[in-house]
Each structure stands twice: as C-alpha cells, then as structure tokens.
Amino acid sequence: MAIRAVFFDLYETLITEFEDGKRISRRSYDYRDRLGLSEEEFKEEWSSRFERRMNGQFPSYQAVIRDILDVRSLPYHEEHVEFLYQARIREKTIPFLAVSQEIIVMLDQLHKRGLKLGLISNCSEEEVAAYHQSPLAPYFEDVIFSYKAGVAKPNSEIYRLACERLAVSPQESLFIGDGGSDELRGAHLAGLTPCHAYWYNTFARSEYEKLLKPTQVLDVVDSIEKEAANHESATH
C-alpha cells in the first residue's frame, strides 16, 4: 500500500533544544527564591507530573505550579509564577525560530509530492506557544498537541485520531520520531510504519529503521512506493 500521509513528532525531530550536547537556552531559574524549592526538589515534582502535563489533566503551567506548591504547603506568589511562565515560553520559542534548512527542504519535498503532513506532539501549552511563528506551520494540514487532545503518545488513540483527521488509514501512514515516550512502538501498534529520526537525538534506542538525516524520509517514501508498485504489477 502506498504512503498517503507522513506524521511527525516535534521536539528533537523537527526542532531541537540542543547544540553540541548542551541546551541552547542555557536556562537557569532560581526556584529557591521564586518558589521556595531547590532545583532538585522542583525537578522531582515537575517530572512526577509528566503524564498529567502531557494529557491535559493540568490545563496550564500555572496549574502545575499551584499543585506543586499545594503539595509542599508553600505559598503561591502570582508574580513569581508569571516570571517563570514567561521565561519558559521564551526558552521554548528559541528552537521554533531556528528550524534547520534540511527539515524545511524535506517537508517541502513531501508537500510537493502531494503527501498529507501531520504533527503529533506530546506537549503542554507553553511548550508550543511559538509554533505558529515557526516556518514549520504552513506545511502541516493538521496538528495534534497532546494537552489539547487529552491523550498522549504512546497511546494508540492519538495515532488513530491523527489518521482520522487526515482521512487516511494507519497502513497508509508513516510516523517519524526520535523515540521519546515510546512513540515508535506506539505508532507500530496503531498500525503506522515508524521510522526513527536519528539526526538530533542519538541516545534513544529502538528496533525501527534509523534515519540519519531528514532527507532520508524521502527515500523511505520512495522505497515503499516502489514496493507497492512492484506488488501491484505482480498481481496483474
């Protein structure tokens, strides 16, 4: 079956927060002064809420912070939370404004071939606030942000929803991602063909085909289309 749609992960697939192994934003927040927590304590609380942040159980950054402070019996100071919120938006804006030209070329070529393009991202609101400012936005017919959908990768439902919204079957679809959140296995179980985007994040491991540069997505599409054509010829 020929490919009609290509779905992409976002962070560390189409955009990256890192350069030479270091975070581009060089972020440094004084959680002790702002919230009354050490950096280690904050990271522990923040990480423990990952799934609920991704699936929209926490509707906003502020709601997450309020929950953390309530659990720790600490006061909520709106001005400090707003400072951290705006700082996080600025941090998350950086990669959207520095999209690799290789990524743009790849998306442009897929678009010119008539393929439908979709985005499936595990994220919270502030992480994608800058999406529509980026050069990525014009290429995608549909975008699913997990916090809005109420479901996150690797749950099969988010892949099925993406396919339904582009009116394609999973069997007609590729999913390209760096492998975070077990997203490649999730795509496979949902019936899509997963490929491992290995051009930014080289630490994740998977059993799926690794693509070392963005343009190899085009090679995968060509290979599948050729195989489909050969199969059709053999059956006639």
Side-chain angles (χ1 to χ4, degrees), residues 8-18 22-96 119-132 143-162 175 177-187 189-190 200-201 203-206:
F8 288 90
D9 170 47
L10 180 56
Y11 277 93
E12 304 313 316
T13 298
L14 296 177
I15 60 175
T16 181
E17 294 189 274
F18 299 90
K22 296 180 180 179
R23 193 174 289 275
I24 297 170
S25 67
R26 304 290 193 268
R27 69 182 182 196
S28 179
Y29 304 143
D30 193 339
Y31 294 113
R32 177 71 73 187
D33 283 351
R34 298 284 177 181
L35 302 177
L37 295 168
S38 69
E39 186 169 353
E40 290 71 23
E41 289 170 331
F42 178 81
K43 285 182 177 179
E44 179 183 347
E45 295 286 2
W46 183 257
S47 298
S48 72
R49 290 163 175 78
F50 176 78
E51 185 174 341
R52 287 176 289 167
R53 289 191 288 112
M54 295 301 102
N55 65 22
Q57 287 186 48
F58 289 114
S60 65
Y61 177 86
Q62 291 84 347
V64 181
I65 302 301
R66 186 176 293 279
D67 189 65
I68 291 173
L69 295 176
D70 285 349
V71 166
R72 292 276 183 158
S73 299
L74 292 167
Y76 183 101
H77 295 293
E78 187 170 346
E79 68 275 17
H80 291 316
V81 176
E82 183 64 17
F83 174 89
L84 292 171
Y85 174 62
Q86 293 300 331
R88 185 164 170 79
I89 287 181
R90 288 193 297 272
E91 171 193 334
K92 295 298 181 178
T93 297
I94 294 171
F96 282 108
L119 187 64
I120 309 174
S121 177
N122 280 4
C123 60
S124 52
E125 174 270 331
E126 79 282 356
E127 292 175 324
V128 291
Y131 168 73
H132 291 289
V143 174
I144 293 181
F145 294 143
S146 64
Y147 81 95
K148 283 188 174 181
V151 62
K153 297 174 289 187
N155 190 312
S156 292
E157 181 57 31
I158 198 167
Y159 304 96
R160 286 195 289 266
L161 177 62
F175 176 78
D178 70 303
S181 300
D182 204 17
E183 62 185 357
L184 299 173
R185 184 182 66 87
L189 292 176
Y200 288 137
N201 178 7
F203 299 100
R205 297 288 176 262
S206 83

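Remember, it's a predicted structure, so these values are computed and weren't measured experimentally.
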Distance in Å, [X] [atom1] paired with [Y] [atom2], rounded so as to fall on 0.5 Å steps:
X	Y	atom1	atom2	result
His132	Phe96	NE2	CZ	9.5 Å
Arg90	Ser25	CZ	OG	11.0 Å
Tyr76	Ile65	OH	CD1	8.0 Å
Glu51	Asn155	CD	CG	9.5 Å
Glu82	His77	CD	NE2	15.0 Å
Phe58	Arg52	CZ	CZ	4.0 Å

Check whether any side-chain N or O of [X] sits under 3.5 Å from a backbone N or O of [Y] as a donor-acceptor pair, and report yes or no.
X	Y	value
Ser146	Asn55	no
Thr16	Phe18	yes
Arg185	Glu183	no
Asn122	Lys153	yes

Quiz prompt | side-chain contact (heavy atoms from CB on, under 4.5 Å) assessment of Tyr31 paired with Ser38 | solution = CA-CA 6 Å; Tyr31 294 113; Ser38 69; over 6 Å; no

Would you indicate whether the side-chain heavy atoms of [Y] and [X] approach each other to under 4.5 Å?
X	Y	value
Tyr61	Leu84	yes
Glu126	Gln62	no
Leu119	Leu14	yes

Practice problem: Report yes or no: do Glu125 and Tyr85 form a side-chain donor-acceptor pair below 3.5 Å? | Solution: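 Yes, a side-chain donor-acceptor pair sits under 3.5 Å.
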
Quiz prompt | Neighbour count >12 (heavy atoms, 6.0 Å) for atom CD, Glu78 | solution =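 12 or below, so no.
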
What pair of heavy atoms forms the shortest contact from [X] to [Y], and how long is it?
X	Y	answer
Gly186	Ser156	O-OG, 4.2 Å
Ile15	Pro95	CG2-O, 3.7 Å
Tyr147	Ser124	CD2-C, 3.7 Å
Asp178	Glu12	CB-O, 3.4 Å
Ser181	Phe50	OG-CZ, 4.0 Å
Ala149	Leu161	CB-CD2, 4.2 Å

Quiz item: Between Arg49 and Val71, is a side-chain contact (heavy atoms from CB on, under 4.5 Å) present by the stated rule, with each step listed?
Solution: CA-CA 12 Å; Arg49 290 163 175 78; Val71 166; 3.5 Å; yes

Self-check item: Verdict with supporting geometry, Glu91 and Tyr29, side chain to side chain donor-acceptor pair (under 3.5 Å)
Solution: CA-CA 11 Å; Glu91 171 193 334; Tyr29 304 143; 2.6 Å; yes

Quiz item: Under 4.0 Å between a Lys/Arg side-chain N and an Asp/Glu carboxylate O for Glu157 and Arg160?
Solution: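 Yes, charged N to carboxylate O under 4.0 Å.
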
Quiz prompt | Under-4.0 Å salt bridge between Arg88 and Glu127 | solution =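 Judged by the 4.0 Å cut-off on N to carboxylate O distance, Arg88 and Glu127 do form a salt bridge.
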
Self-check item: Plane angle bin for Trp46 and Phe42 - parallel if under 30°, tilted between 30 and 60°, otherwise perpendicular
Solution: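 If you compare the ring of Phe42 with that of Trp46, the planes turn out parallel.
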
Exercise. Give the C-alpha distance, both sets of side-chain angles, the deciding distance and a yes or no for side-chain contact (heavy atoms from CB on, under 4.5 Å) between Leu74 and Leu35.
Key: CA-CA 8 Å; Leu74 292 167; Leu35 302 177; 5.8 Å; no

Quiz item: When you measure from the centre of the six-membered ring of Phe83, is the NZ or CZ of Arg34 under 6.0 Å away and within 45° of the axis?
Solution: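 Yes; both conditions hold, so Arg34 lies above the ring face of Phe83.
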
Quiz item: Relative to Tyr11, does Lys92 satisfy both conditions: NZ or CZ under 6.0 angstrom from the six-membered ring centre, and within 45 degrees of the ring's axis?
Solution: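 Yes; both conditions hold, so Lys92 lies above the ring face of Tyr11.
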
Quiz item: Can you check side-chain contact (heavy atoms from CB on, under 4.5 Å) on Tyr200 and Thr13, steps first, answer last?
Solution: CA-CA 7 Å; Tyr200 288 137; Thr13 298; 5.9 Å; no

Self-check item: Sole candidate of Arg27, Arg26, Arg23 that passes salt bridge (charged side-chain N to carboxylate O under 4.0 Å, His left out) when paired with Glu17
Solution: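 Of all the options given, the one that passes is Arg23.
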
